[in-house]
Amino acid sequence: MEKRRLGNGPLVGSIGFGCMGMSEFYGATDDEQSLATLEHAFASGVTFFDTADIYGFGHNESLLGRFLRGKRDELVIATKAGIVRSKEDPALRGVDNSAAYLAQHCDASLARLGTDRVDLYYLHRIDPATPLEDSIAALAKLKTAGKIRGIGLSNVKLETIRAAHRIHPITAVQNEFSLFTRNDQSTLIPALRDMGIAYVPYSPLGRGMLTGALAAQALPADDFRRNLPRFADEAMSRNARLVAALQEIAGERGVTPAQVALAWVLGQGPHVIPIPGTKRIRFLDENLAAADVALTGAEIIKLQQIFDPDAVQGEPYPDMSFLR
Ligand SMILES: NC(=O)c1ccc[n+]([C@@H]2O[C@H](COP(=O)([O-])OP(=O)(O)OC[C@H]3O[C@@H](n4cnc5c(N)ncnc54)[C@H](OP(=O)(O)O)[C@@H]3O)[C@@H](O)[C@H]2O)c1
């Protein structure tokens, strides 16, 4: 697989791996199946794995910890802290970026991952109650201590990235980005390239919708996507029309909609490293083959017309005020 530079950090395969769904949010999980998929990813050239302390309340980091035993030095591991959750109230989302919180949660993540350092440590969301200077200084201290190798920001706007980057070099930014969510396309992504910061699109398959495989399925009752405006019945059926047009383009090329969606994301710049998620080897193989799909200029124009931001129904989250 082609390699891309993770900001001021190491080279990684151009398509990374999002591990979240292996623990929570997208229906039933199976650890043995997930571990087999992770091993298959590694054997296929994937080196960049993404998790967070909150995914499955630590389960996701522990699972990744099992996988990385014996191959830690060959992998680039990113995790995140800053979202406060409660097992008693799984819908609750607090935010804490205080120095004490980050120091404590970094140690807990390292223990679950069974490693002495992570390569990239993101603020999962920005805490309005903690000065950014204090949070970045706390992360810089973890870096000096050798516990983290690079600092990342997630769910952020350009002005926050610029402010943080002035305090300490930022390695990567992780925001939602796909044909469905193009907010960062024209300004933020080019700016990061100029700043030498990697852009890591999360949910690059639109949480599965862009694969065309969800339309015919009823999501399980506990599937997190049922809470998202984009997956509400009416929005879903209108968005399905856009996905049908994507399927047509993919069909003409003899590839799959997921591959076209990922190829479009990969085409946004050499500093863009998407992290599609799946629990299944079959989907993984399909997604990795997207690295070999080069879209034509005409196809790109057509896709961007189909996925005009005004044509996409429903916001990514019910309340987007966490973006800072
Ligand atoms: N920073 C943040 O706030 C944030 C938020 C969300 C996600 N993330 C990160 O981004 C990663 C990826 O995002 P995501 O998992 O939300 O969304 P995604 O990659 O856009 O989509 C994942 C969904 O698509 C399905 N899928 C994947 N490949 C497929 C294929 N080829 N054909 C059919 N279905 C396919 C998966 O099914 P199966 O699960 O059944 O295999 C899963 O339901 C996460 O794992 C997480 O690490 C970060």
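Every heavy atom of this structure was used, including side-chain atoms; hydrogens, water molecules and symmetry mates were not. For ligands, and for the atoms within them, numbers begin at 1 and follow the listed sequence.
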Asks: Can you give me every donor-acceptor pair (side chain of residues 269-278, partner residue at least two apart or in another chain, under 3.5 Å) with its distance?
Replies:
| unit_1 | atom_1 | unit_2 | atom_2 | d |
| --- | --- | --- | --- | --- |
| H271 | NE2 | I189 | O | 2.8 |
| H271 | NE2 | R193 | N | 3.4 |
| T278 | OG1 | R280 | N | 3.0 |

Asks: Starting from L153, can I reach I148 by hopping between I/L/V/M/F/W/Y residues whose side chains sit under 4.5 Å apart?
Replies: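 Yes, because I148 and L153 connect within a single hydrophobic cluster, where side-chain heavy atoms sit under 4.5 Å apart.
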Asks: Under a strict 4.0 Å criterion on non-hydrogen atoms, which protein residues are in contact with ligand 1?
Replies: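 Near ligand 1, by chain and number: G18, C19, M20, Y26, D50, Y55, K80, H124, S154, N155, Q174, Y202, S203, P204, L205, G206, R207, G208, T211, A213, R225, A258, I275, P276, G277, T278, K279, R280, F283, E286, N287, Y317.
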Asks: Apply the ring pair (Phe, Tyr, Trp, His ring centres under 6.0 Å) test between W264 and each candidate in F180, F177, F307; give the one that qualifies.
Replies: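 Among the candidates, only F177 passes.
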Asks: For residues 89-98, which residue pairs qualify under side-chain hydrogen bond (donor to acceptor under 3.5 Å, both in side chains), counting only residues two or more places apart or in two chains?
Replies: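 For residues 89-98: D96-S98.
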Asks: Considering non-hydrogen atoms only, spot the tightest contact between I151 and P169 and give its length.
Replies: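 Heavy atoms of I151 and P169 come nearest at CB-O, 4.4 Å.
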Asks: Suppose we screen for side-chain hydrogen bond (donor to acceptor under 3.5 Å, both in side chains). Which residues come up paired with N8, at least two apart in sequence or across chains?
Replies: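 Residues passing side-chain hydrogen bond (donor to acceptor under 3.5 Å, both in side chains) with N8: T171.
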